[in-house]
Peer 1: 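Starting off with a structure, shown below.
The basis for the numbers below is simple: all heavy atoms, side chains too, and nothing from hydrogens, waters or symmetry mates. Computed from a predicted structure; not experimentally measured.
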Amino acid sequence: MSDSPARVAVVTGAARGIGAAVAQRLAADGMAVAVLDLDEAACKPVVDTITDAGGRAVAVGADVSDSAQVEAAVARVAAELGPPTVLVNNAGVLRDNLLFKMSESDWDTVMDVHLRGAFLMSKAAQAHMTAQRFGRIVNLSSTSALGNRGQANYSAAKAGLQGFTKTLAIELGPFGVTVNAIGPGFIVTEMTKATAERVGVDFEQAKAQIAAEIPVRRPGMPEDIAHTVSFLASEGAGYVSGQVIYVAGGPKA
């Protein structure tokens, strides 16, 4: 159990994949968790898993790119669970395409969810964190921030999150709030499986090929990211801020 069982965490994009694993891990660490996603009903299985294990959790439906919905969601979390002092900005979408094929909508959608969403959620949550003189914000970046063919929008958004992270660390540090980013490498999720299927690649073969190029010789799992979030959200990580940690089975820039 965590040394801070009274903490309240909000995890966005938590209905499945990395977000679900993070929500469940923070609950296991003793935190009450708001499982937030676009579709509130889709959050129920994650909430049930947490509550069945004796934890506290609530499903919250919100579009993180909509300021009114974000404000309402954070207010609801504060009312039902308590002031949120841990925020994991994980919500994300893919609209992959080569630059000459990429539509303005493809660009805007990715920027809205990743960057605008992290901005709105952080702005709403930081009010509670600064009041409590304690906070942990963890932003999900990606190794794609270093560049990845067909992902000009996604790469730009994930690189932007790193600058956002470092700036918030400077601004919020004096109030006891740390802000860090995690850059996952290849993680086995429904999203990566769907990507493989979209380009006509067998997912099992893709995993094997990718694993052969990773120093630890295996693909990542959502739990690998959850472990790192658990550390960054802990009391013990209070002197770690403004950092980008690549969780990719090997060194990255």
Side-chain angles (χ1 to χ4, degrees), residues 11-14 17-19 22 63-65 67 70 87-126 136-173 177-189 191-192 194-195 198-199 210 213-215 219-220 222 224-226 228-229 231-233 237 240-253:
V11 184
T12 70
I18 290 173
V22 168
D63 177 352
V64 296
S65 70
S67 59
V70 166
L87 170 64
V88 182
N89 285 311
N90 168 74
V93 295
L94 291 175
R95 294 292 186 273
D96 295 352
N97 225 326
L98 295 174
L99 179 62
F100 77 98
K101 294 181 184 177
M102 187 173 290
S103 68
E104 291 183 25
S105 176
D106 290 338
W107 178 270
D108 291 344
T109 297
V110 170
M111 291 298 168
D112 282 350
V113 175
H114 293 270
L115 277 177
R116 179 178 169 86
F119 160 66
L120 292 175
M121 288 297 305
S122 298
K123 186 177 180 181
Q126 62 82 34
R136 300 284 187 263
I137 298 175
V138 182
N139 296 317
L140 268 292
S141 180
S142 170
T143 53
S144 291
L146 304 173
N148 196 33
R149 187 174 188 271
Q151 289 194 316
N153 49 3
Y154 186 80
S155 296
K158 292 304 192 182
L161 279 173
Q162 295 187 15
F164 180 67
T165 295
K166 292 178 181 293
T167 299
L168 289 196
I170 294 168
E171 292 186 9
L172 298 177
V177 180
T178 66
V179 188
N180 293 285
I182 295 173
F186 178 74
I187 307 295
V188 177
T189 65
M191 182 178 286
T192 52
T195 298
R198 188 175 67 250
V199 297
I210 292 170
E213 299 176 0
I214 297 173
D224 291 310
I225 308 304
T228 309
V229 172
F231 165 67
L232 292 174
V240 180
S241 195
Q243 303 306 303
V244 179
I245 302 176
Y246 286 103
V247 182
K252 295 291 178 180

Peer 1: Of all heavy-atom pairs between Phe119 and Phe164, which one has the smallest distance, and what is that distance?
Peer 2: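 Result for this residue pair: CA-CZ, 3.6 Å.
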Peer 1: In the structure I gave you, are the side-chain heavy atoms of Ile210 and Pro219 within less than 4.5 Å of one another anywhere?
Peer 2: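 In short, these two side chains do not touch, never coming nearer than 4.5 Å.
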Peer 1: Of all residues at least two apart in sequence or in a different chain, which pass the side-chain hydrogen bond (donor to acceptor under 3.5 Å, both in side chains) check with Asp112?
Peer 2: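 Result, side-chain hydrogen bond (donor to acceptor under 3.5 Å, both in side chains) vs Asp112: none returned.
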Peer 1: Does a side-chain heavy-atom distance below 4.5 Å link Thr192 with Thr189?
Peer 2: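 The answer is yes; the side chains approach within 4.5 Å.
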Peer 1: As an exercise, state the distance from CG of Asn180 to OG1 of Thr228, rounded to the nearest 0.5 Å.
Peer 2: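 Here the rounded value is 11.0 Å.
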Peer 1: Which distance, rounded to the nearest 0.5 Å, do you find between the CE of Met111 and the CG of Asp108?
Peer 2: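 That separation rounds to 8.5 Å.
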Peer 1: Would you name the heavy atoms of Val64 and Leu120 that are closest together and state the gap between them?
Peer 2: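 Residues Val64 and Leu120, closest heavy atoms: O-CD1, 3.4 Å.
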Peer 1: If a pair satisfies salt bridge (Lys or Arg N to Asp or Glu O under 4.0 Å) and one of its residues is in residues 88-100, list it, with sequence neighbours excluded.
Peer 2: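 Qualifying pairs: Asp96-Arg198.
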Peer 1: Side chains of Asn153 and Met102: does their closest heavy-atom pair fall under 4.5 Å?
Peer 2: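 With C-beta onward as the side chain, the pair touches.
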Peer 1: Restricting to salt bridge (charged side-chain N to carboxylate O under 4.0 Å, His left out), what partner residues turn up for Asp63, sequence neighbours left out?
Peer 2: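 Once residues adjacent in sequence are excluded, Asp63 has no partner under the salt bridge (charged side-chain N to carboxylate O under 4.0 Å, His left out) criterion.
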Peer 1: Working to the nearest 0.5 angstrom, can you tell me the gap between Asn89 CG and Asn139 CG?
Peer 2: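 If I round to the nearest 0.5 Å, the distance is 5.0 Å.
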Peer 1: Is there a side-chain contact between Lys166 and Val244 (heavy atoms, below 4.5 Å)?
Peer 2: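 With C-beta onward as the side chain, the pair touches.
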Peer 1: Taking all heavy atoms of Thr12 and all of Asn90, pick out the closest pair and write down the distance.
Peer 2: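 In terms of heavy atoms, the two residues are closest at OG1-N, 2.9 Å.
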Peer 1: Looking only at heavy atoms, what is the nearest atom pair of Ser144 and Gln151, with distance?
Peer 2: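 The pair with the smallest heavy-atom distance is OG-OE1, 2.8 Å.
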Peer 1: Answer whether the closest heavy-atom distance between the side chains of Leu94 and Val110 falls below 4.5 Å.
Peer 2: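 No, too far: nothing below the 4.5 Å cut-off.
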Peer 1: Could you grab the distance from atom OG of Ser241 to atom CG of Leu172, nearest 0.5 Å is fine?
Peer 2: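 It comes to 8.5 Å.
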Peer 1: Distance check, rounded to the nearest 0.5 Å: Thr109 atom OG1 versus His114 atom NE2?
Peer 2: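 Between Thr109 OG1 and His114 NE2, I get 10.0 Å after rounding to 0.5 Å.
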Peer 1: Between Val88 and Leu140, is there a side-chain heavy-atom distance shorter than 4.5 Å?
Peer 2: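 Contact flag for Leu140/Val88 side chains = yes.
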Peer 1: To check you understand the geometry: which heavy-atom pair defines the closest contact between Ser141 and Pro184, and what is its length?
Peer 2: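 Looking at all heavy atoms of both residues, the closest pair is O-CD, 3.2 Å.
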Peer 1: So which heavy atom on Gln162 is nearest to which on Ala145, and how close?
Peer 2: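 What the structure gives for the nearest pair is NE2-CB, 3.4 Å.
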Peer 1: How long is the gap from CZ on Phe186 to OG on Ser142, to the nearest 0.5 Å?
Peer 2: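 Interatomic distance, Phe186 CZ to Ser142 OG, rounded to 0.5 Å: 12.0 Å.
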Peer 1: Would you say the side chain of Ile245 lies within less than 4.5 Å of the side chain of Leu232, judging by non-hydrogen atoms?
Peer 2: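 Of all side-chain heavy-atom pairs linking Ile245 with Leu232, at least one is under 4.5 Å.
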Peer 1: Is the CG atom of Leu99 crowded by more than 12 outside heavy atoms at less than 6.0 Å?
Peer 2: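 It does not: Leu99 CG has 12 such atoms or fewer within range.
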